[in-house]
Amino acid sequence: MKKVKISVRRTKEGTIFEIISMVLVVIMWGIIAKMWNRLPNRLPSHFDMVGNVDEWSDKNTLILLGVIATITTISLLVSAYFPRKTVHIHERIQNLRQMALAVRMVRICAIATGLLFLGIIFLIIRTALQGTVNGGMWFIMGPTVTLFAVIIYYSIKIFMVRDRH
């Protein structure tokens with residue numbers, strides 16, 4: 001089968017997903033900046049499955065987390081333009097419909113990832129200031145479940161619209 005070169009162009013949907021992802025990153029940095037002076041030097045950095053803090057780190061770890069979140073979100077958004085090289089599911093992308101689904105999946109994953117990092121940072125700050133999680137684990141579990149659900153859903157959809165020879 002001859003390889004066809006397909007380029008991903010900017011669409012209204014793609015632009016909306018990119019704006020939402022970047023707004024989440026900006027909100028995250030805004031929260032970090034606004035809360036920085038109120039935070040203690042030692043912050044919770046890891047929680048067990050129940051929500052208990054089981055590791056503490058320096059306040060600067062929050063900056064590192066923000067940098068990782070920013071790089072991850074931007075990398076996902078950029079990779080949406082190169083799905084043949086960046087989307088590695090069991091099925092090779094064979095047609096335009098699969099390409100469109102792969103691009104949408106990566107962009108939705110960028111939003112879910114932004115929400116996940118925002119939730120983690122919110123949980124760290126809230127726990128540092130209040131001393132307890134108080135049921136806040138859904139800030140992490142919700143986006144995590146969403147991320148996995150999106151990957152599974154779109155992987156199945158991509159598989160189902162493959163070319164059959």
Any link between [X] and [Y] through a network of hydrophobic side chains (Ile, Leu, Val, Met, Phe, Trp, Tyr) touching at under 4.5 Å?
X	Y	value
Leu129	Ile27	yes
Phe148	Phe159	no
Ile71	Met28	yes
Val78	Ile108	yes
Leu123	Ile63	yes

Nearest 0.5 Å, what's the [atom1]-[atom2] distance between [X] and [Y]?
X	Y	atom1	atom2	answer
Arg97	Met160	CZ	CE	11.5 Å
Gln98	Met105	CD	CE	11.0 Å
Asp58	Leu64	CG	CG	10.5 Å
Thr113	Leu76	OG1	CG	5.0 Å
Lys34	Ile31	NZ	CD1	9.5 Å

Find out whether [X] and [Y] are in side-chain contact, i.e. whether some heavy atom of one side chain is under 4.5 Å from a heavy atom of the other.
X	Y	result
Thr61	Leu43	no
Leu77	Met22	yes
Leu101	Val161	yes
Thr11	Arg107	yes
Leu62	Ile125	yes

Give the minimum heavy-atom separation between [X] and [Y], together with the two atoms involved.
X	Y	value
Ile151	Cys109	CG1-SG, 3.7 Å
Gly66	Ile32	CA-CD1, 4.4 Å
Val106	Ser79	CG1-OG, 3.4 Å
Leu39	Ala128	CD2-CB, 4.3 Å
Leu147	Ala112	CD1-CB, 3.9 Å
Thr72	Ile68	OG1-O, 2.7 Å

inquiry  = By the side chain to side chain donor-acceptor pair (under 3.5 Å) test, which pairs, at least two apart or in different chains, include something from residues 35-47?
reply    =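 Qualifying pairs: Ser45-Ser57, His46-Asp54.
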
request  = Verify, without hydrogens or angle tests, whether Thr127 (side chain) and Ile124 (backbone) share a donor-acceptor contact under 3.5 angstrom.
outcome  =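 No; zero donor-acceptor contacts below 3.5 Å.
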
Could you work out, with side-chain contact (heavy atoms from CB on, under 4.5 Å) as the rule, every residue matching [X], not counting sequence neighbours?
X	answer
Val26	none
Pro143	Leu115, Leu116
Val145	none

message = Whether Arg104 engages the ring of Tyr153 as a cation-pi pair (distance to the six-membered ring centre under 6.0 angstrom, angle to the ring normal within 45°) should be assessed.
response =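 That pair does not qualify as a cation-pi contact.
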
task = Sequence neighbours left out, what pairs pass ring-ring contact (aromatic ring centres under 6.0 Å, His included) with at least one residue falling in residues 97-124?
result =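 For residues 97-124, and leaving out neighbouring residues, the ring-ring contact (aromatic ring centres under 6.0 Å, His included) pairs sorted by first residue read Phe122-Phe139.
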
ask   = Thr70: what forms a side-chain hydrogen bond (donor to acceptor under 3.5 Å, both in side chains) with it, not counting sequence neighbours?
value =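 For Thr70, the residues satisfying side-chain hydrogen bond (donor to acceptor under 3.5 Å, both in side chains) (neighbours in sequence not counted) are Trp29.
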
